[in-house]
J.: 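Pasting a structure here, questions to come.
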Amino acid sequence: MRVPQDGCFVVVGDLTEQRGPALFATFDAYSAPQADRWVAVALRTISPALDPDASDEAWEWLHDGRAETRRALLRAEHCTVSVTHAGTRVTWTIRPVTYLPLAHRTELPPCAYEFRPRCGMSPLS
């Protein structure tokens with residue numbers, strides 16, 4: 001059985017209302033390249049719909065920050081990548097994992113709804 005090396009999470013927060021961030025998606029990555037590729041594909045996919053500043057943030061990470069993210073993952077350090085668009089902040093977090101994958105996962109496990117992002121986590125630049 002293959003064991004994930006990195007757990008990837010996407011948290012979306014509405015900056016204009018009092019609602020806190022919400023877990024949007026998870027992904028089990030089996031290598032550092034697979035984890036940062038997951039973020040890269042997502043950023044490339046949404047970048048045409050982002051405002052110019054958010055698009056610049058996304059492409060800056062794709063061109064400059066991605067290599068540092070990969071190096072950090074290879075050192076087993078957690079990483080975050082964030083973009084803000086029209087009052088919404090999207091943050092991808094990649095962390096080394098200390099668990100085994102769930103068998104035949106088709107939906108989020110109940111514990112995923114207890115996830116709370118840590119305050120003070122800064123995006124990589």
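For the numbers below, each heavy atom of this structure counts, side chains included, while hydrogens, waters and symmetry mates do not. For clarity, every value in this text was computed on a predicted model and none was experimentally measured.
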J.: How long is the span from the OG1 atom in T91 to the CZ atom in F24, to the nearest 0.5 Å?
T.: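 Interatomic distance, T91 OG1 to F24 CZ, rounded to 0.5 Å: 13.0 Å.
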
J.: Can you measure from CZ (R37) to CZ (R70) and round to the nearest 0.5 angstrom?
T.: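 So the CZ of R37 and the CZ of R70 are separated by 7.0 Å.
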
J.: Which atom names give the shortest non-hydrogen contact between A76 and P96, and what distance separates them?
T.: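 Scanning both residues, the minimum pair turns out to be O-CG, 3.1 Å.
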
J.: What closest approach, in Å, do L43 and A58 show between heavy atoms, and which atom pair accounts for it?
T.: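 Heavy atoms only, the tightest pair is CD2-CB, 3.8 Å.
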
J.: Which value, rounded to the nearest 0.5 Å, describes the distance between D64 atom CG and W59 atom CH2?
T.: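 Here the interatomic distance stands at 12.0 Å.
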
J.: To the nearest 0.5 Å, what is the distance between OG on S47 and CD on E57?
T.: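 It is 12.5 Å, given to the nearest 0.5 Å.
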
J.: Applying side chain to side chain donor-acceptor pair (under 3.5 Å), can you list everything that pairs with S55, at least two apart in sequence or on another chain?
T.: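 Expected list: none.
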
J.: Mind checking side chain to side chain donor-acceptor pair (under 3.5 Å) for D51 and listing every partner two or more places apart, or none if nothing turns up?
T.: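 Scan of D51 (side chain to side chain donor-acceptor pair (under 3.5 Å), adjacent residues dropped) gives H85.
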
J.: Could you work out, with side chain to side chain donor-acceptor pair (under 3.5 Å) as the rule, every residue matching R71, not counting sequence neighbours?
T.: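 Scan of R71 (side chain to side chain donor-acceptor pair (under 3.5 Å), adjacent residues dropped) gives E68.
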
J.: Is there a side-chain contact between W92 and D36, using heavy atoms and a 4.5 Å cut-off?
T.: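 No, too far: nothing below the 4.5 Å cut-off.
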
J.: Just so I know, are the side chains of V39 and T69 near enough to count as touching, which here means a heavy-atom distance under 4.5 Å?
T.: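 Side chain of V39 against side chain of T69, heavy atoms only: no contact under 4.5 Å found.
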
J.: If I compare all heavy atoms of A54 with all of T84, which pair ends up nearest, and what's the gap?
T.: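 So the two residues come closest at CB-O, 3.1 Å.
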
